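These numbers were taken from a predicted model, which means no experiment stands behind them.
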Amino acid sequence: TGRVGEPGSPSLERIGVVKLDGSGNLVPDFGVGGKLVLPLGSPSGWATATGIARDGQGSLYVAGTENNAVVVFKLDRNGRPVTAFGIDGKATIPDGPHVSAFAVDATGNCYLAGAKERPGSGWNPRTRFALFKLDITGNGAAGFGVGGLKLIDLDASSGFDGFAHALLIDGTGRILAAGYSGSMKRFAVVKIETDGNLAAGFGIAGIKIIDLSDGDPFPPITAANAIA
């Protein structure tokens, strides 16, 4: 996946997807000759991809940002929209979090991780760990946070600031998100149960903060960007 410029419109960018076979050749029955450009929801603007994933049935999901809204597309094996998801195969979260990571579980629930600005944080935005869950129909998952959005305050010494950069769904459906806490000085990992509650047996109340400074008064910028 990636961004595709619109011919004749340098300010218009859309999300492009290509499918290759095991030999690196374009798969002709996907999109048009193995290539697909996803439509914008408006005649002007931009879109960029954040992640791509498959569910247990082989459906393809593409997550990204479109004109400052979070979007998730669901496609079948041939690149056609699955119309039962969202509106004609596209779910839109108008006031969603800043998204850095994306995952899908075996049944087709979608998870997005990143951060959301605190209200009233002014010119220097303060952010919280944010996770968003879409159910199999493309709607915010009931019972997960508020309307599918789960906001997490980290440790008090960092002003509770944080940003999630990586996301993993384990074999039991629990969620692990990793990123940074407090001005990118420490690794932060959170574990969340399938019901959206922090996992009590992980770290301190579901949150693990890891200081890598070793006493350095001017530690390097530190952020976890992957998790396995």
Side-chain angles (χ1 to χ4, degrees), residues 1-4 13-19 30-31 35-116 128-152 164-177 192-197:
T1 63
R3 289 192 293 183
V4 178
E13 296 180 336
R14 296 188 288 170
I15 296 172
V17 185
V18 299
K19 183 176 181 180
F30 179 84
K35 297 176 284 187
L36 178 66
V37 177
L38 298 174
L40 279 172
S42 61
S44 63
W46 57 272
T48 185
T50 299
I52 188 168
R54 287 189 181 278
D55 65 17
Q57 291 72 49
S59 295
L60 180 69
Y61 299 77
V62 181
T65 302
E66 178 183 299
N67 295 333
N68 298 313
V70 177
V71 293
V72 179
F73 296 86
K74 182 177 181 180
L75 309 169
D76 67 16
R77 296 174 185 270
N78 299 112
R80 296 183 293 258
V82 177
T83 56
F85 181 84
I87 297 175
D88 294 330
K90 177 183 176 183
T92 303
I93 309 168
D95 189 30
H98 302 286
V99 173
S100 295
F102 175 63
V104 176
D105 66 20
T107 59
N109 294 299
C110 301
Y111 303 83
L112 303 111
K116 193 165 178 62
R128 306 163 78 185
F129 251 52
L131 296 170
F132 201 96
K133 180 180 179 180
L134 294 171
D135 63 22
I136 60 174
T137 66
N139 295 305
F144 187 91
V146 178
L149 176 64
K150 176 74 173 180
L151 298 174
I152 303 166
H165 287 285
L167 183 62
L168 173 70
I169 312 300
D170 71 13
T172 64
R174 295 183 177 91
I175 307 159
L176 288 156
I192 298 174
E193 301 286 359
T194 55
D195 60 5
N197 292 315

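Shown here are the side chain to side chain donor-acceptor pair (under 3.5 Å) partners of R80, two or more places apart in sequence or in another chain: D76, N78. Here R174 pairs with E193 under the salt bridge (Lys or Arg N to Asp or Glu O under 4.0 Å) rule; sequence neighbours left out. Remark: I87 pairs with no residue by the side-chain contact (heavy atoms from CB on, under 4.5 Å) rule, at least two apart or across chains. Residues that satisfy the side chain to side chain donor-acceptor pair (under 3.5 Å) test with D55, not counting sequence neighbours, are Y61. Scanning for salt bridge (Lys or Arg N to Asp or Glu O under 4.0 Å) contacts around K19 gives an empty result, with sequence neighbours left out. By the side chain to side chain donor-acceptor pair (under 3.5 Å) test, D88 pairs with no residue at all, sequence neighbours left out. Taking A115 as the reference, T127, F163 meet the side-chain contact (heavy atoms from CB on, under 4.5 Å) condition, with sequence neighbours excluded. Looking at residues two or more places apart in sequence or on another chain, you find a side-chain contact (heavy atoms from CB on, under 4.5 Å) between I136 and N109. Residues satisfying the side chain to side chain donor-acceptor pair (under 3.5 Å) criterion with T92, sequence neighbours excluded, are absent altogether. The side-chain contact (heavy atoms from CB on, under 4.5 Å) check on A101 picks up A113, L167, with sequence neighbours excluded.
At least one side-chain heavy atom of I15 sits less than 4.5 Å from a side-chain heavy atom of F73. In this structure, L36 and L75 have side chains that are in contact, with non-hydrogen atoms separated by less than 4.5 Å. Counting only heavy atoms from C-beta outward, the side chains of V17 and F30 approach each other to under 4.5 Å.
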*I would like to know whether I192 and I152 meet side-chain contact (heavy atoms from CB on, under 4.5 Å); could you show each step before the answer?*
CA-CA 10 Å; I192 298 174; I152 303 166; 3.6 Å; yes
*Go through the steps for I93 and L112 under the test side-chain contact (heavy atoms from CB on, under 4.5 Å), then give the verdict.*
CA-CA 11 Å; I93 309 168; L112 303 111; 4.2 Å; yes
*asked:* Assess the residue pair Y111 and V104 against the criterion (side-chain contact (heavy atoms from CB on, under 4.5 Å)); give the C-alpha distance rounded to whole Å, side-chain angles, the decisive distance to 0.1 Å, and a yes or no.
replied: CA-CA 6 Å; Y111 303 83; V104 176; over 6 Å; no
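Of the possible donor and acceptor atoms, none in the side chain of K150 sits under 3.5 Å from a partner among the backbone N and O of L131.
Contact between F85 and A91 at its shortest, heavy atoms only, is CE2-CB, 3.7 Å. Counting all heavy atoms, side chain and backbone alike, G89 lies closest to P81 at CA-CB, 4.2 Å. The two residues A63 and V72 have their closest heavy-atom pair at CB-CG2, 4.1 Å. Between G147 and F132, the shortest heavy-atom distance links the atoms O-CZ, 3.6 Å. Here the closest heavy-atom approach between residue G140 and residue L134 is recorded as N-CD2, 3.9 Å. Between I169 and D105, the shortest heavy-atom contact is CG2-CB, 4.3 Å.
Atom CG of L149 is separated from atom NZ of K133 by 13.5 Å, given to the nearest 0.5 angstrom. For the atom pair OG1 of T194 and CZ of F144, the computed distance is 9.5 Å after rounding to the nearest 0.5 Å.
Under the side chain to side chain donor-acceptor pair (under 3.5 Å) criterion, the residue pairs touching residues 137-147 are D135-T137, T137-N139, with sequence neighbours excluded. Every pair passing salt bridge (charged side-chain N to carboxylate O under 4.0 Å, His left out) that includes a residue from residues 61-74 is listed here, sequence neighbours excluded: E66-K90.
At most 12 non-hydrogen atoms from other residues, nucleotides or ligands lie less than 6.0 angstrom from CZ of R77.
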